Amino acid sequence: MVLTYREAAKSDASLLINIYNSSFYDDYVRYGECPGYGKTKSQMELSILKFPKYIIIKDSIPVGVISLENKGNGHYYLGCLCIIPTYQGRGIGTQAFQYMLSICSDWKQITLVTPSDKEQNIKFYTEKCGFNIGGKEMDGNVEVTNFIMER
């Protein structure tokens with residue numbers, strides 16, 4: 001499968017909102033809250049400037065987003081890896097994560113969180129991406145699992 005990636009610009013805010021809302025709608029309904037869902041255009045524009053985002057494109061269609069926050073000294077936080085539901089389960093997320101590793105060649109440690117009851121996410125991050133589970137904590141009303149990958 002051939003995917004292409006394009007770094008998001010401020011002008012992509014509406015497109016990113018649509019991808020995020022499609023990808024995180026079920027989480028919003030399930031938990032009553034979700035940091036990736038319901039962003040305003042100004043919130044997304046600020047997020048684009050602060051945390052680089054890459055639009056994942058398959059057959060000229062934007063199908064997802066991946067974003068890593070560079071915390072310095074080779075430490076990164078995977079803030080978002082989302083694929084529109086109709087494109088999930090096709091290896092797109094795995095390939096996008098490998099792409100991100102290739103452009104962040106200085107990485108020493110990558111962390112992320114995901115809701116603890118999202119077994120599909122936990123399996124994806126441990127089995128497909130190589131993360132280890134680092135513990136659990138509450139984030140608002142949602143228990144989340146912390147993940148860490150080091151080299």
Side-chain angles (χ1 to χ4, degrees), residues 1-71 75-104 107 110-131 133-134 136-149:
M1 163 182 17
V2 177
L3 299 176
T4 57
Y5 306 88
R6 176 172 66 77
E7 188 165 3
K10 192 175 172 183
S11 60
D12 291 312
S14 294
L15 170 63
L16 293 176
I17 289 169
N18 289 336
I19 293 170
Y20 276 52
N21 285 350
S22 175
S23 300
F24 294 117
Y25 176 74
D26 288 345
D27 287 351
Y28 176 73
V29 170
R30 184 177 196 166
Y31 306 114
E33 61 182 294
C34 177
Y37 182 82
K39 290 185 183 293
T40 65
K41 187 173 180 184
S42 61
Q43 287 171 325
M44 185 59 79
E45 288 171 347
L46 181 61
S47 183
I48 291 167
L49 295 174
K50 194 172 180 184
F51 308 110
K53 299 177 189 331
Y54 292 84
I55 300 167
I56 304 163
I57 302 165
K58 181 182 184 317
D59 301 328
S60 302
I61 300 168
V63 298
V65 176
I66 188 166
S67 177
L68 274 172
E69 176 186 357
N70 186 343
K71 297 199 159 276
H75 293 125
Y76 290 87
Y77 176 76
L78 180 60
C80 179
L81 173 51
C82 64
I83 308 298
I84 294 171
T86 56
Y87 288 90
Q88 291 176 3
R90 301 181 188 187
I92 294 171
T94 305
Q95 194 171 329
F97 182 72
Q98 293 303 316
Y99 170 78
M100 190 53 83
L101 290 179
S102 75
I103 64 169
C104 298
W107 78 270
I110 301 173
T111 58
L112 69 100
V113 300
T114 197
S116 296
D117 63 351
K118 303 268 313 216
E119 293 177 17
Q120 183 177 1
N121 288 8
I122 292 169
K123 184 176 179 178
F124 170 76
Y125 287 118
T126 56
E127 294 180 13
K128 302 285 184 180
C129 298
F131 281 88
I133 294 174
K136 296 180 181 184
E137 64 187 11
M138 293 303 292
D139 183 1
N141 296 322
V142 180
E143 182 183 62
V144 295
T145 298
N146 296 293
F147 293 84
I148 187 167
M149 184 166 67

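On a predicted model such as this, the values are computed, not experimentally measured, just so you know.
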*Asks:* Apply the side-chain hydrogen bond (donor to acceptor under 3.5 Å, both in side chains) test between Ser116 and each candidate in Thr145, Asn121, Asn146; give the one that qualifies.
*Replies:*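 Looking at Thr145, Asn121, Asn146, the match for Ser116 under the side-chain hydrogen bond (donor to acceptor under 3.5 Å, both in side chains) is Thr145.
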
*Asks:* Do Tyr87 and Ser22 touch side chain to side chain, with heavy atoms closer than 4.5 Å?
*Replies:*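 Sidechains of Ser22 and Tyr87: no contact.
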
*Asks:* Do the non-hydrogen side-chain atoms of Met100 and Trp107 ever get within less than 4.5 Å of each other?
*Replies:*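 Met100 does not reach Trp107 side chain to side chain.
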
*Asks:* Enumerate the residue pairs fulfilling side chain to side chain donor-acceptor pair (under 3.5 Å) with a member in residues 36-60, sequence neighbours excluded, ordered by first and then second residue.
*Replies:*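 Found Thr40-Ser42, Thr40-Gln43, Ser47-Lys53.
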
*Asks:* Could you give me the CA-CA distance, side-chain angles and deciding distance for Leu3 and Tyr99, then say whether side-chain contact (heavy atoms from CB on, under 4.5 Å) is met?
*Replies:* CA-CA 10 Å; Leu3 299 176; Tyr99 170 78; over 6 Å; no

*Asks:* I need the Ile57 CD1 to Ile92 CD1 distance, nearest 0.5 Å.
*Replies:*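 Here the rounded value is 12.0 Å.
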
*Asks:* Measuring from Phe51:CZ to Tyr76:OH, what's the distance to the nearest 0.5 Å?
*Replies:*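 Here the rounded value is 14.0 Å.
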
*Asks:* I need the Ile133 CD1 to Ile148 CD1 distance, nearest 0.5 Å.
*Replies:*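 Atom-to-atom, Ile133:CD1 and Ile148:CD1 are 12.5 Å apart.
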
*Asks:* Quick check for you: to the nearest 0.5 Å, what is the distance between Gln88 atom CD and Ser23 atom OG?
*Replies:*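 The OG atom of Ser23 is 6.5 Å from CD of Gln88, to the nearest 0.5 Å.
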
*Asks:* May I have the step-by-step check of side-chain contact (heavy atoms from CB on, under 4.5 Å) for Phe24 and Cys80, ending in yes or no?
*Replies:* CA-CA 11 Å; Phe24 294 117; Cys80 179; 4.1 Å; yes

*Asks:* So, for Asn21 and Gly36, which heavy atoms are closest and what is the spacing to 0.1 Å?
*Replies:*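 For Asn21 and Gly36, the tightest heavy-atom pair comes out as OD1-O, 4.3 Å.
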
*Asks:* Could you tell me which non-hydrogen atom of Ile48 sits nearest to which non-hydrogen atom of Lys10, and how far apart they are?
*Replies:*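 Smallest interatomic distance, heavy atoms only, reads CG2-N, 3.9 Å.
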
*Asks:* Under the 3.5 angstrom rule, does the side chain of Ser67 hit a backbone N or O of Pro52 as a donor-acceptor pair?
*Replies:*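 Yes, Ser67 side chain to Pro52 backbone: donor-acceptor pair under 3.5 Å.
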
*Asks:* Could you tell me whether the side chain of Lys128 reaches within less than 4.5 Å of the side chain of Phe97, counting heavy atoms only?
*Replies:*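 The answer is no, as the side chains (C-beta and beyond) never meet within the 4.5 Å cut-off.
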
*Asks:* With Gln98, which residues qualify under side chain to side chain contact (heavy atoms under 4.5 Å, CB included), at least two apart?
*Replies:*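 Applying side chain to side chain contact (heavy atoms under 4.5 Å, CB included) to Gln98 gives Leu101.
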
*Asks:* So Phe147 and Tyr125, would you call those rings parallel, tilted or perpendicular, with 30° and 60° as cut-offs?
*Replies:*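 Ring orientation, 0 to 90° scale: tilted.
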
*Asks:* Report yes if the side chains of Leu81 and Ile56 come closer than 4.5 Å at any heavy-atom pair, otherwise no.
*Replies:*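 Yes. Closest side-chain heavy atoms under 4.5 Å.
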
*Asks:* If you round to the nearest 0.5 Å, how far is CZ of Arg90 from CE of Met1?
*Replies:*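 Answer rounded to 0.5 Å: 8.5 Å.
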
*Asks:* Is the number of heavy atoms from other residues, nucleotides or ligands under 6.0 Å of Tyr77 OH greater than 12?
*Replies:*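 Yes, the 6.0 Å shell around OH holds more than 12 heavy atoms from other groups.
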
*Asks:* Excluding sequence neighbours, so at least two apart, what forms side chain to side chain contact (heavy atoms under 4.5 Å, CB included) with Arg30?
*Replies:*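 Only Asp117, Lys118 meet the side chain to side chain contact (heavy atoms under 4.5 Å, CB included) criterion with Arg30.
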
*Asks:* I'd like to check Leu78 versus Ile66 (side-chain heavy atoms, cut-off strictly below 4.5 Å). Are they in contact?
*Replies:*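 Yes, at least one pair of side-chain atoms sits under 4.5 Å.
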
*Asks:* Looking at every non-hydrogen atom in both residues, tell me the closest pair between Tyr31 and Pro115 and how far apart they are.
*Replies:*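 Result for this residue pair: OH-CB, 3.2 Å.
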
*Asks:* Do Arg6 and Asp12 touch side chain to side chain, with heavy atoms closer than 4.5 Å?
*Replies:*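 Yes, close enough: below the 4.5 Å cut-off.
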
*Asks:* Could you check if a side-chain atom of Ile19 sits within less than 4.5 angstrom of a side-chain atom of Cys82, using non-hydrogen atoms only?
*Replies:*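 A side-chain contact under 4.5 Å exists here.
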
